[in-house]
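Every number for a ligand or one of its atoms is a count from 1 in the order of the listing.
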Amino acid sequence: MQEYGIKNPSAKLTPEGLNVAIAHWNLSPEELTQKSVELNQGVLNDSGALAVDTGKFTGRSPKDKFTVIDDITRDTVDWGAINIPMEPEVFDKLYNKVCDYLKDKEVWVRDAYACADPKYRLNIRVINEEPWANLFCNNLFLRPTEEEILTQEPDWHIIQVPSFLADPEVDGTRQGNFTIVNFTKKVILIGGSAYTGEMKKGIFGVLNFILPNNHNTLSMHCSANEGEEGDVALFFGLSGTGKTTLSADPNRPLIGDDEHGWADGSIFNFEGGCYAKCIDLSEEKEPQIYAAIKEGALLENISFYPGTNKVDYSDASKTENTRVAYPIEHIKNAKKPSYGGNPKNIFFLTCDAFGILPPISKLSKGQAMYHFLSGYTAKVAGTEVGITEPQTTFSACFGHVFLPLHPTKYAELLGEKLIEHPEVNVWLVNTGWSGGPYGVGERMSLKHTRSMIGAAMKGELDNVEYETHDVFGVAFPKEVPNVPSEILNPRNTWENNEEYDNKAIELASLFVKNFEKYASEANDEILAAAPKTELNV
Ligand code: ATP
Ligand code: MN
């Protein structure tokens, strides 16, 4: 085996059964970018970022994600369509096949870690088939210093082999691609898909097991930033609801854009970078993200204006889910290290394609728990294979697909935090449609959403008048600085009020039906937060 780069002198790939031809250890972003260009796997855009195509997969493939059923997971994991079991022997056979496959290959190895709070640090060693996938890991995970690399031992391995395809007939997978998490061996094995989000969300899933299960610590699918006075805000939400967009704020240092833990007194980022959507990105609307697309960043599945290397951000011909991965330092006011104190404000972001929920409303504790368990949004095109039109979704804790444990475990931990910190405000923010449903109304203006959350964070909504929503029972402000008052009550934005009421009841019924599975676990306070399924009762 030929080896290049820097590494812990005692580090070997062979104990993992891997005997490759060439291993490049911990190359710099510049080297990985250059290698990718040399190998014709990517090109530079006009601002110096590397642009690649991820191939057949431009989103995660949740139906092909498996978890090995073993002594650690058997009685803890919430098995089903989200956590699909795989027998250890099936994993071992496939793992050996992957090792065989890699024997004469060149790989790119990276030592990284997750969790900015040293108490929870999880060391990760990633083995990639392509240098740009390794650049992604450099950007998204936390980066050890050169000194740390020399002594670091991995806790977990990610082995990502996009050009290896499983044979579903003999390998126990659903199709050629797979992501398999093995808690005993501490390995995430990825084959058949080069979509980088599989690695990022693979580790998120692992932390969503370890933190609540082993440390009784809440893990969250949310972004976080911090105000001048150290006031932390969390933004929960499913894909496309605005976690990355709204947490990038020139006045509030960024803690992280997607995955955090809430330990005693601290919010800490799991990651070391951001993975921002690029569709329709503009310098004017999202200046911070735009400026982050420079040397060292990785653009995925974008297209150039013909004959140039200037990105056409409106082009969705490869996918709606165009992305850029960059280290958090590319955001000017990123907070280092990436942690802050207890949150002061929590925003639940929902992209409501029905256009029913108010653009901002304040939730009681019971309502907060109800909406956390419901995790409502309308999924917008792209992040998952096969979704091209918005469709309504309920995903517990705003990220059910990433949760190995039953959602009530995370809800319990959040509930404890809200009791412990009654001063925390919880807001429901609709970043979706206004003036009617998808097709009739329009997406809420980003400027207005920013004004509303800004006002909430500054305390400007503490002493204004509120109105209670007839169906959802949430309280929405009658005025917000710099926002036209007529949009604050969504009913007023619809041409036909009766149509609005009918749709609101229809959506409420979907909430209630979805909540049935949690009803037996919920207390009266949470149950009382359910929306009404009939008007005037
Ligand atoms: P993921 O979990 O997939 O990373 P996310 O929650 O981080 O998703 P964003 O990347 O922030 O989602 O995507 C929100 C998208 O919606 C952006 O492309 C943003 O420009 C667009 N958008 C349009 N209107 C709004 C609005 N009012 N609020 C927030 N985002 C908006
Ligand atoms: Mn995001």
Distance alone, cut at 3.5 Å: any donor-acceptor contact between the side chains of Thr319 and Asn321? no

Exercise. Are Lys362 and Val426 close enough that some pair of their side-chain heavy atoms sits under 4.5 Å apart?
Worked result: no

Within 4.0 Å of some non-hydrogen atom of Leu238, the atoms of ligand 1 are 6 (O)

Logged contact type for Cys351 with ligand 1, heavy-atom cut-off 4.0 Å, is neither

Heavy-atom proximity to atom 30 (N) of ligand 1, picking from Lys447, Met452, Arg443, Lys277, points to Arg443

Return yes if a side-chain donor-acceptor contact under 3.5 Å exists between Asn301 and Thr54, otherwise no.
yes

Do Thr350 and Asp352 get their side chains close enough for a donor-acceptor pair, meaning under 3.5 Å?
-> no

The atoms of ligand 1 lying under 4.0 Å from a heavy atom of Asp258, numbered in the order shown, are 2 (O)

- prompt: Just checking, any donor-acceptor pair under 3.5 angstrom between side chains of Thr179 and Glu198?
  reply: yes

#### Entry: Parallel, tilted or perpendicular: rings of Tyr438 and Trp433 (30°, 60°)
perpendicular

query: For Thr449 and ligand 1, does the shortest N/O to N/O distance drop below 3.5 Å?
result: yes

For atom NZ of Lys517, is the number of surrounding heavy atoms from other residues, nucleotides or ligands below 6.0 Å larger than 12? yes

Checklist entry - Would you say Asp257 has any N or O atom under 3.5 Å from an N or O of ligand 1, going by distance alone? => result no

Can a donor-acceptor pair be found between the side chains of Asn497 and Glu499 at a distance below 3.5 Å?
-> no

The atoms of ligand 1 lying under 4.0 Å from a heavy atom of Arg323, numbered in the order shown, are 1 (P), 3 (O), 4 (O)

Do any nitrogen or oxygen atoms of Gly240 lie less than 3.5 angstrom from nitrogen or oxygen atoms of ligand 1?
yes

Note on the Mn ion (ligand 2): protein N/O/S atoms within less than 2.8 Å are Thr244 OG1

Quick note on ligand 1: atoms under 4.0 Å from a heavy atom of Glu286 include exactly 19 (C), 20 (O)

Per-atom filter on ligand 1: closer than 4.0 angstrom to a heavy atom of Thr241 are 6 (O), 12 (O)

So, Asn492 and Glu486: side-chain donor and acceptor under 3.5 Å apart, yes or no?
no

So, Phe235 versus Phe348, ring centres under 6.0 angstrom or not?
-> no

Does any N/O atom on Gly242 come nearer than 3.5 Å to any N/O atom on ligand 1? yes

Check: of Leu446, Leu246, Thr245, min heavy-atom distance to atom 26 (C) of ligand 1 comes from Leu446

**Study point:** No-hydrogen, no-angle side-chain donor-acceptor test under 3.5 Å, Asp53 and Gln41
**Key:** no

Near Ser445 (heavy-atom distance under 4.0 Å), the atoms of ligand 1 are 27 (N)

*Going by atom types alone, do Asn345 and Trp427 pair a side-chain donor with an acceptor below 3.5 Å?*
yes

